Number of protein chains: 2
Amino acid sequence: MNKVEIKKEIVLNVAQDIFAQYGLTKTMIDDIAKAAGVGKSSIYYYFKNKEDIFRAVIETQVQKVQEKIRASINAAPTPQEKLKAFVISRMKSFREVAHIYNHVFKDEYLKHYEYIQKIRKDYDQMELDLVASILSEGINSGVFKIQDPSLASFVIMVGIKGLEYEWATSTDIQKMEQDTEKLFEILFHGIMK
Amino acid sequence: MNKVEIKKEIVLNVAQDIFAQYGLTKTMIDDIAKAAGVGKSSIYYYFKNKEDIFRAVIETQVQKVQEKIRASINAAPTPQEKLKAFVISRMKSFREVAHIYNHVFKDEYLKHYEYIQKIRKDYDQMELDLVASILSEGINSGVFKIQDPSLASFVIMVGIKGLEYEWATSTDIQKMEQDTEKLFEILFHGIMK
DNA sequence: TAATATATCGAACAAATTGTTCGAAAAATT
DNA sequence: AATTTTTCGAACAATTTGTTCGATATATTA
């Protein structure tokens, strides 16, 4: 990582915190510049404009969430446990980025419809593929009996998203994991051979 | 409370939340108006300007903190327990208004030096008087041996403020109360007859 | 009901804010 | 020493936003 990339990283890190607290519109370039310890105009040496920084922050966040989820799935041995790992890891990661998540998907989603929508859509598709691949693996190894994996993963994702609100308001992670366990107990007995 | 006062109260309540989150400068009149469900210009029927709302919010907060502290002192039977009640109640109240407290006394204290300084000064004086009166009561009832109550209360207040940072960063209220207990154990044995 | 007072808001404006550009000056590299 | 890379102050343009004002709606009073 060369010098420019390091500086970019620094700016991105402070921008992440400030955006998380204030959102896109209420964050000023000078806020970021001051926090990063550089002049306001220097920011434009690294990024095209404010939205460019915001986009980079969001993309970094999304990528980190993806990586965490993938890692926890890979660490799980069986398809059943992979599914559980996916749900729990997703839940935890979302809680970690809850602040910026609120700004992106609630406060200001109207103004920046286009590219936020695209990021969201891409992310949703990636999750769908992930779940579908877990299900396929389960079918191949003979533990799941599913006719249409992509349909099943769609249903699973819809279910998870339906629980999002409940998870967002709860503070007891252990209880959430227990609830997830219960959910999957029912789900597994519906699809297991 | 008449209609105007009720509306003022509503505006003040939403303004409190928004100021707590964004601070004075980053809060827009329209944010408050939208949250209160009124037109932007209607706000000016109730308040002179933005700072007027901010000042009212701060004053309300300060007053509520004062009331809580006074109530808990009155509920305590002995001077020793009144002192303890003061410290613990103050600590808890400050934690409750921590968000707005940060904005008022950290982020923007330079811009609005004059009246924030005055509010702070008045509040400090009130606390000083409160502690002094508790000490006086203790002296009169013969449980405290103090030459100069106002000097002693000044020292106590300085001590409490010195602990503020530690309290602000800690999340374990029970531990904080235990620490306070220890502090007062020492203090009491120094001043008790 | 008519008349008066109270309450609300849209539109417009002035002032301030702030994202962005640009050229010059450091700092680093060749 | 020359050239390239990096940084930033100052200025500008565009936007934002606090505030005003007159008109309209709603409530009150006579």
Side-chain angles (χ1 to χ4, degrees), chain A residues 1-58 103-104 107-116, chain B residues 1-58 103-104 107-116:
Chain A
M1 201 157 56
N2 62 41
K3 271 191 172 180
V4 174
E5 279 170 343
I6 291 171
K7 269 279 171 100
K8 262 190 144 181
E9 188 87 358
I10 292 171
V11 171
L12 234 43
N13 280 337
V14 303
Q16 184 168 302
D17 292 342
I18 300 174
F19 278 135
Q21 187 173 8
Y22 294 111
L24 174 57
T25 56
K26 281 188 193 293
T27 294
M28 303 187 301
I29 293 288
D30 210 34
D31 290 338
I32 297 172
K34 280 211 172 72
V38 297
K40 190 167 69 154
S41 45
S42 301
I43 298 287
Y44 288 85
Y45 186 72
Y46 301 106
F47 297 93
K48 211 182 91 208
N49 53 31
K50 190 161 88 160
E51 268 204 24
D52 194 35
I53 308 172
F54 191 69
R55 191 187 279 109
V57 166
I58 300 298
H103 283 294
V104 173
D107 295 351
E108 311 180 279
Y109 74 99
L110 279 172
K111 274 192 179 174
H112 309 280
Y113 210 64
E114 341 75 32
Y115 75 90
I116 291 292
Chain B
M1 202 156 58
N2 62 42
K3 272 191 172 180
V4 173
E5 280 170 343
I6 290 171
K7 270 280 171 100
K8 263 190 145 180
E9 189 86 358
I10 292 171
V11 171
L12 234 43
N13 280 337
V14 304
Q16 184 168 299
D17 292 342
I18 299 174
F19 279 135
Q21 187 174 8
Y22 293 112
L24 174 57
T25 55
K26 281 189 193 293
T27 294
M28 303 187 300
I29 294 287
D30 209 34
D31 291 338
I32 298 172
K34 280 211 173 73
V38 298
K40 190 166 72 152
S41 45
S42 300
I43 297 286
Y44 288 85
Y45 187 72
Y46 301 106
F47 298 94
K48 213 181 91 209
N49 52 31
K50 190 161 88 159
E51 268 205 24
D52 194 36
I53 308 173
F54 191 70
R55 191 187 278 109
V57 166
I58 300 300
H103 284 294
V104 173
D107 295 350
E108 311 179 279
Y109 73 99
L110 279 171
K111 274 193 178 174
H112 310 280
Y113 209 65
E114 342 75 31
Y115 75 89
I116 292 291

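Here the structure is a predicted model, which means the values were calculated and not measured. The sequence lines fix the lettering, A, B, ..., with proteins before strands; numbering per chain opens at 1.
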Just the rounded figure in Å: distance from P of C/dA7 to CD1 of B/Ile10. 14 Å

Do you know the tightest heavy-atom contact between A/Lys7 and A/Val38? NZ-CG1, 4.1 Å

Rounded to whole Å, the CD1-C1' distance (A/Ile32 to C/dT18) equals 12 Å

The residue, A/Met28 or A/Ser41, whose nearest nucleotide of DNA chain C is more 5′ is A/Met28

Please give me the minimum heavy-atom distance between A/Leu24 and A/Glu51, naming the atom from each residue. CD2-CG, 4.4 Å

Base of C/dG19 paired with side chain of A/Lys40 (donor-acceptor, under 3.5 Å): yes

B/Asp30 CG to C/dA11 P: how many Å, rounded? 13 Å

How close or far is atom P of C/dA7 from atom NZ of B/Lys8, stated in whole angstroms? 12 Å

Per B/Tyr44 side chain, nearest of listed nucleotides D/dC8, D/dG18, C/dT21: D/dG18

Distance check needed: C/dA7 P versus B/Ile43 CD1, whole Å only. 15 Å

Rounded distance in Å - CG (B/Asp52) to C1' (D/dG18): 13 Å

Considering all heavy atoms of both residues, which atom of B/Ala56 and which atom of B/Leu12 are nearest to each other, and what is their separation? CB-CD1, 3.8 Å

Round to a whole Å and report the spacing from OH of B/Tyr45 to C1' of D/dA27. 11 Å

Which atoms form the tightest heavy-atom contact between B/Ala15 and B/Ile53, and what is the distance? CB-CG2, 3.8 Å

Among C/dT20, D/dG18, C/dA7, the one nearest any side-chain atom of B/Ile29 is D/dG18

Taken to the nearest whole Å, NZ/A/Lys48 to P/C/dC22 is 15 Å

